[in-house]
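Only one structure is covered here, and it is reproduced in the block below.
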Amino acid sequence: MIGAALAASGGAALEWVHLQAGVWSLPEGVRFPAWIAPVYFFALVALLATLPWLEGDAPRPATPALNLLISEGTSVAALVLLPALLPTAEGWLTLIVLAYLGFRLVFQREPGDRLVLGDLRLAGALLLLDALLESMLLRAGLYRYEGASLFTFPLWGPLLWAALGISIRRLAWLLPRDR
């Protein structure tokens with residue numbers, strides 16, 4: 001729970017960075033939304049609660065390799081910073097996130113890897129949930145994306161959440177169960 005709270009606080013801070021970079025904007029006179037951190041907290045708790053279902057009986061590493069932890073942590077950091085680095089490049093950002101998802105789901109696995117099925121389930125669920133949630137929040141006028149060209153949300157949005165979900169899941173999977 002403490003980890004989810006810290007991650008949610010970090011997520012809210014990164015959303016502030018996205019706001020400052022022009023990824024999204026607020027209606028005139030509206031302050032930074034206080035609801036972002038609690039939404040992130042509950043989403044992370046829900047993700048962690050689904051890990052047993054997603055993992056099935058996939059064996060966990062007794063001692064995670066430091067290079068894997070660093071790799072997953074770096075993936076999460078890069079994914080959350082991408083929109084701030086390319087705030088109006090919807091096409092490029094979509095291609096980058098699609099390439100990342102393809103790499104993770106197709107190439108970065110071993111024969112018999114049971115985690116891939118969970119990754120596919122999670123990616124599909126997050127794609128749908130993000131598209132639905134973003135659509136509702138944007139229709140309510142709570143914020144808007146500056147670089148969205150086709151929908152009210154950018155094409156990369158649901159893909160980014162699917163990619164983040166896989167990386168966060170893999171990062172949590174690497175940690176010992178008793179944490």
Side-chain angles (χ1 to χ4, degrees), residues 1-21 23-24 36-87 89 92-127 129-130 154-179:
M1 289 295 197
I2 293 172
L6 290 173
S9 298
L14 285 165
E15 288 297 348
W16 183 84
V17 170
H18 289 180
L19 177 64
Q20 300 306 309
V23 176
W24 54 278
I36 290 178
V39 167
Y40 277 17
F41 173 77
F42 289 115
L44 284 165
V45 169
L47 174 63
L48 294 174
T50 62
L51 284 179
W53 175 71
L54 291 169
E55 291 172 4
D57 59 352
R60 286 174 94 98
T63 305
L66 184 59
N67 63 331
L68 291 176
L69 288 170
I70 291 171
S71 171
E72 290 300 341
T74 303
S75 294
V76 169
L79 286 168
V80 296
L81 290 175
L82 268 175
L85 297 173
L86 303 167
W92 282 109
L93 196 48
T94 301
L95 288 174
I96 291 168
V97 177
L98 270 172
Y100 178 83
L101 273 171
F103 176 76
R104 290 306 300 260
L105 294 173
V106 176
F107 298 111
Q108 196 175 17
R109 62 187 177 115
E110 296 176 19
D113 188 350
R114 295 184 194 129
L115 288 175
V116 173
L117 180 58
D119 285 345
L120 289 170
R121 287 178 185 159
L122 180 62
L126 288 174
L127 276 167
L129 286 173
D130 182 66
L155 295 174
W156 55 261
L159 296 169
L160 181 72
W161 283 108
L164 275 169
I166 290 171
S167 284
I168 291 170
R169 173 179 176 244
R170 291 284 179 129
L171 187 59
W173 182 79
L174 287 169
L175 299 174
R177 278 198 197 270
D178 59 345
R179 290 194 182 183

Output side-chain donor-acceptor pairs under 3.5 Å for residues 4-14, partner residues at least two apart or in another chain, one line each.
from: Ser9; atom 1: OG; to: Ala5; atom 2: O; distance (Å): 3.0

Would you name the heavy atoms of [X] and [Y] that are closest together and state the gap between them?
X      : Y      : value
Leu171 : Gly73  : CD1-N, 4.1 Å
Pro87  : Val23  : CB-CG2, 3.9 Å
Leu126 : Gly165 : CD1-CA, 3.5 Å

The criterion is side-chain contact (heavy atoms from CB on, under 4.5 Å); which residues satisfy it with [X], sequence neighbours excluded?
X      : result
Pro158 : Leu127, Asp130, Ala131, Phe153
Ala89  : Leu86, Trp92
Leu98  : Thr94, Leu159
Ala123 : Ala162, Ile166

Legend entry - Residue pair Tyr100 / Ser75, side-chain heavy-atom distance below 4.5 Å: yes
If you round to the nearest 0.5 Å, how far is [atom2] of [Y] from [atom1] of [X]?
X      : Y      : atom1 : atom2 : result
Leu101 : Leu79  : CG    : CG    : 8.5 Å
His18  : Leu82  : NE2   : CG    : 8.5 Å
Trp24  : Glu15  : CH2   : CD    : 6.0 Å
Leu164 : Arg169 : CG    : CZ    : 14.5 Å

Legend entry - Result of checking Thr74, Val76, Val80 against Ser167 for side-chain contact (heavy atoms from CB on, under 4.5 Å): Val76
Legend entry - Under-4.0 Å salt bridge between Glu72 and Arg104: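 Yes, this pair counts.
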Legend entry - Phe41: ring-ring contact (aromatic ring centres under 6.0 Å, His included) partners, not counting sequence neighbours: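 Testing Phe41 for ring-ring contact (aromatic ring centres under 6.0 Å, His included), a comparison that skips the adjacent residues, returns none.
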